[in-house]
**Q** 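Just passing along the structure, written as structure tokens.
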Amino acid sequence: ERRYQRPRLSPDGKRLAVAVETDNNQDIWIHEFERGTFSRFTFAPSSDFNPLWTPDNRTLIYNGEDPQFTIYQRPADGSSDTQLLLNKPIDTTPTSISPDGKWLVYSESSLANSSDIWLLPMDGDGTPRLFLQTAFGEGAAAISPDGRWLAYYSNESGQSEVYATPFPGGGSRVQIS
């Protein structure tokens with residue numbers, strides 16, 4: 001039996017990346033609609049999941065369990081090896097990438113501070129930048145199609161609510177839910 005999780009459609013709508021769980025392990029597979037193929041993309045002995053397409057449709061960013069959640073990238077056509085993007089001693093989860101491909105938004109989760117929102121520049125600098133940290137949990141951050149807003153959830157009110165704030169600078173937030 002297979003379980004499919006976190007399907008992500010490529011920006012051009014031609015492919016679907018999805019984590020497939022079999023025998024307590026997850027790997028990412030890619031379905032190409034025009035060709036009708038469903039091909040395995042990752043082959044690590046540990047789980048790979050949370051696929052995220054870059055805006056140019058060329059690269060998949062995803063989590064690997066190593067043993068914490070680590071962020072990797074690899075060309076979607078499999079033409080080169082996996083590249084480590086971010087490895088910290090706590091779980092990091094990619095959630096969105098800016099339309100211009102300059103920023104990867106990810107969450108950091110730990111017991112001490114629940115989860116926070118971070119930015120990783122994709123221009124080669126590679127130094128993560130804290131975007132939003134409170135005593136509460138924030139996550140599932142997504143950048144708007146025009147790249148001007150970041151929507152995210154926070155449990156500050158005692159339940160999960162959705163907020164939006166200017167991107168990439170942050171600032172005052174607007175409650176959406």
Side-chain angles (χ1 to χ4, degrees), residues 1-44 46-66 68-88 91-109 115-123 128 131 137-153 160 162-164 167-168 176:
E1 178 179 313
R2 292 182 175 181
R3 289 182 24 186
Y4 300 85
Q5 300 174 336
R6 303 260 175 137
R8 296 278 182 121
L9 192 61
S10 62
D12 64 7
K14 294 182 178 182
R15 292 176 287 179
L16 179 79
V18 63
V20 179
E21 183 176 340
T22 54
D23 301 324
N24 296 321
N25 189 41
Q26 293 182 63
D27 281 297
I28 296 171
W29 289 64
I30 297 176
H31 175 70
E32 292 190 40
F33 296 108
E34 290 176 6
R35 293 177 43 202
T37 59
F38 192 54
S39 306
R40 189 171 172 182
F41 179 72
T42 62
F43 296 87
S46 58
S47 288
D48 295 313
F49 48 96
N50 289 331
L52 178 65
W53 293 93
T54 55
D56 64 6
N57 304 290
R58 293 183 180 172
T59 304
L60 273 176
I61 296 171
Y62 60 94
N63 272 131
E65 197 167 12
D66 220 10
Q68 74 284 350
F69 297 176
T70 302
I71 302 175
Y72 296 97
Q73 71 176 357
R74 183 173 176 220
D77 64 5
S79 61
S80 66
D81 290 335
T82 298
Q83 177 186 0
L84 176 67
L85 275 182
L86 188 64
N87 184 11
K88 291 187 146 190
D91 287 346
T92 55
T93 304
T95 61
S96 188
I97 190 162
S98 60
D100 60 10
K102 291 182 178 180
W103 296 102
L104 173 67
V105 180
Y106 70 95
S107 296
E108 279 191 10
S109 302
S115 64
D116 300 311
I117 299 171
W118 287 74
L119 304 178
L120 181 67
M122 299 295 288
D123 63 3
F131 184 81
E138 297 88 23
I143 301 171
S144 64
D146 66 4
R148 296 179 50 216
W149 294 92
L150 183 86
Y152 64 95
Y153 83 83
S160 290
V162 178
Y163 298 89
F167 183 82
I176 305 297

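From a predicted model like this one, the values you see are computed outputs, not experimental measurements.
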**Q** Show the atom names and distances, to 0.1 Å, of all donor-acceptor pairs under 3.5 Å that link a side chain in residues 94-104 to residues at least two apart or in another chain.
**A**
residue: Thr95; atom: OG1; partner: Val105; partner atom: O; Å: 3.3
residue: Thr95; atom: OG1; partner: Ala141; partner atom: O; Å: 2.8
residue: Ser96; atom: OG; partner: Ile143; partner atom: N; Å: 3.0
residue: Ser98; atom: OG; partner: Asp100; partner atom: OD1; Å: 2.6
residue: Ser98; atom: OG; partner: Lys102; partner atom: N; Å: 3.1
residue: Ser98; atom: OG; partner: Trp103; partner atom: N; Å: 2.9
residue: Asp100; atom: OD1; partner: Lys102; partner atom: N; Å: 2.9

**Q** Can you confirm whether Ile61 sits close enough to Met122 that some side-chain heavy atom of one is under 4.5 Å from a side-chain heavy atom of the other?
**A**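 Yes, side chains in contact.
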
**Q** Flag the pair Phe38 / Val20 as yes when at least one side-chain heavy-atom distance between them is below 4.5 Å, and no otherwise.
**A**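 When only atoms from C-beta onward are counted, Val20 and Phe38 do touch, with a gap below 4.5 Å.
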
**Q** Compare every heavy atom of Gly139 with every heavy atom of Ser107, then report the nearest pair and how far apart it is.
**A**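 Shortest heavy-atom separation between Ser107 and Gly139 comes out as OG-CA, 3.8 Å.
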
**Q** Specify the closest pair of heavy atoms between Thr54 and Arg58, including all atoms of both residues, with the distance to one decimal.
**A**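 Closest approach of Thr54 to Arg58, heavy atoms only: OG1-N, 3.7 Å.
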
**Q** Between His31 (side chain) and Thr37 (backbone), is there a donor-acceptor pair under 3.5 Å?
**A**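 Looks like yes, one N/O pair under 3.5 Å.
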
**Q** For residues Pro51 and Phe41, determine if any side-chain heavy atom of one lies less than 4.5 Å from a side-chain heavy atom of the other.
**A**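 No, every pair of side-chain atoms sits at 4.5 Å or beyond.
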
**Q** Over all heavy atoms of both residues, which pair between Arg40 and Asp27 is shortest? Give the atoms and the distance, please.
**A**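 Shortest heavy-atom contact: NH2-OD2, 2.6 Å.
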
**Q** Quick one: does Leu60's side chain get under 4.5 Å of Ile30's, heavy atoms only?
**A**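 The answer is yes, as the side chains (C-beta and beyond) meet within the 4.5 Å cut-off.
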
**Q** I'd like to know if the side chain of Ser115 reaches the main chain of Glu138, judged simply by a donor and an acceptor atom lying under 3.5 Å from each other, with no hydrogens or angles considered.
**A**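 It does hold such a pair.
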
**Q** So, do Asn63 and Glu65 sit near enough that their side-chain heavy atoms are less than 4.5 Å apart?
**A**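 When only atoms from C-beta onward are counted, Glu65 and Asn63 do not touch, as no gap falls below 4.5 Å.
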
**Q** Treating Ser109 as the side-chain partner and Asp91 as the backbone partner, does any N or O pair qualify as donor plus acceptor under 3.5 Å?
**A**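 Not a single qualifying donor-acceptor pair exists.
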
**Q** Residues in side chain to side chain donor-acceptor pair (under 3.5 Å) with Lys88, at least two apart?
**A**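 With neighbours one apart ignored, the set is Glu108.
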
**Q** Any heavy-atom pair between the side chains of Arg15 and Asn57 that's under 4.5 Å?
**A**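 They are in side-chain contact.
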
**Q** A side-chain contact here means heavy atoms from C-beta on lying under 4.5 Å apart; do Gln68 and Asn87 qualify?
**A**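 Gln68 vs Asn87: side chains touch.
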
**Q** Only one of Thr82, Asp48, Asn50, Thr42 clears side chain to side chain donor-acceptor pair (under 3.5 Å) with Tyr62; which?
**A**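 For Tyr62, the side chain to side chain donor-acceptor pair (under 3.5 Å) test succeeds with only one of Thr82, Asp48, Asn50, Thr42, which is Thr82.
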
**Q** Can you tell me which residue among Phe69, Trp29, Tyr72, Tyr4 is in a ring-ring contact (aromatic ring centres under 6.0 Å, His included) with Phe49?
**A**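 Considering Phe69, Trp29, Tyr72, Tyr4, a ring-ring contact (aromatic ring centres under 6.0 Å, His included) with Phe49 is found only for Phe69.
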
